[in-house]
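Heads up: the structure comes next, in structure tokens.
Basis for what follows: all heavy atoms, side chains included, without hydrogens, waters or symmetry-related copies.
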Amino acid sequence: MKLTNWYPSNIKPVRKGVYITRKNGFIFFQYWTGKFWNTRMGTIDGACLIKFRSIHQDVEWKGINR
């Protein structure tokens with residue numbers, strides 16, 4: 001699995017999909033819809049399944065290339 005560097009929360013991903021996100025030192029997987037982050041999950045597969053908007057929108061993120 002290849003990962004990008006961390007991006008700050010003010011820069012949003014260009015593509016929809018699952019990303020590694022970080023806030024206050026906690027790391028999760030979240031799905032980016034193209035407009036907002038979905039609920040934080042502990043696995044990539046979990047993040048693909050959950051389609052609810054997260055309260056955690058101000059997160060740093062890393063791209064994943066599987």
For Ile50 and Tyr31, run side chain to side chain contact (heavy atoms under 4.5 Å, CB included): C-alpha distance rounded to whole Å, both residues' side-chain angles, the deciding distance at 0.1 Å, then the answer. CA-CA 8 Å; Ile50 300 300; Tyr31 187 90; over 6 Å; no
For residues Gln57 and Ile55, determine if any side-chain heavy atom of one lies less than 4.5 Å from a side-chain heavy atom of the other. no
Any side-chain heavy-atom pair from Arg22 and Trp6 closer than 4.5 angstrom? yes
Nearest atoms (heavy-atom pairs only) where Ser54 meets Asn38: CB-O, 3.2 Å
Apply the test side chain to side chain contact (heavy atoms under 4.5 Å, CB included) to residues Ile64 and Leu3: give CA-CA distance (whole Å), side-chain angles for both, the deciding distance (0.1 Å), then the verdict. CA-CA 5 Å; Ile64 304 168; Leu3 302 173; 4.0 Å; yes
Establish, from distance only, whether the side-chain atoms of Glu60 and Ser9 form a donor-acceptor pair under 3.5 Å. no
Rounded to the nearest 0.5 Å, the NZ atom of Lys35 sits from the NZ atom of Lys12 at a distance of 15.0 Å
Working note: Val59 + Trp37, criterion side chain to side chain contact (heavy atoms under 4.5 Å, CB included); need CA distance, chi angles, decisive distance, verdict. CA-CA 9 Å; Val59 296; Trp37 293 105; 3.6 Å; yes
Smallest separation among heavy atoms of Gln30 and His56, with atom names: NE2-O, 3.4 Å
Roughly how far, to the nearest 0.5 Å, is CD1 of Ile20 from OG1 of Thr4? 8.0 Å
Any donor-acceptor pair under 3.5 Å linking the side chain of Trp61 with the backbone of Ile11? yes
Residue Lys16 excluded, over 12 heavy atoms near NZ under 6.0 Å: no
Evaluation steps, side chain to side chain contact (heavy atoms under 4.5 Å, CB included), between Phe29 and Thr21: CA-CA 6 Å; Phe29 295 97; Thr21 61; over 6 Å; no
Do Tyr19 and Lys62 have side chains that get closer than 4.5 Å, going by heavy atoms? no
Donor-acceptor pair, distance only, cut-off 3.5 Å: does the side chain of Lys51 make one with the backbone of Cys48? yes
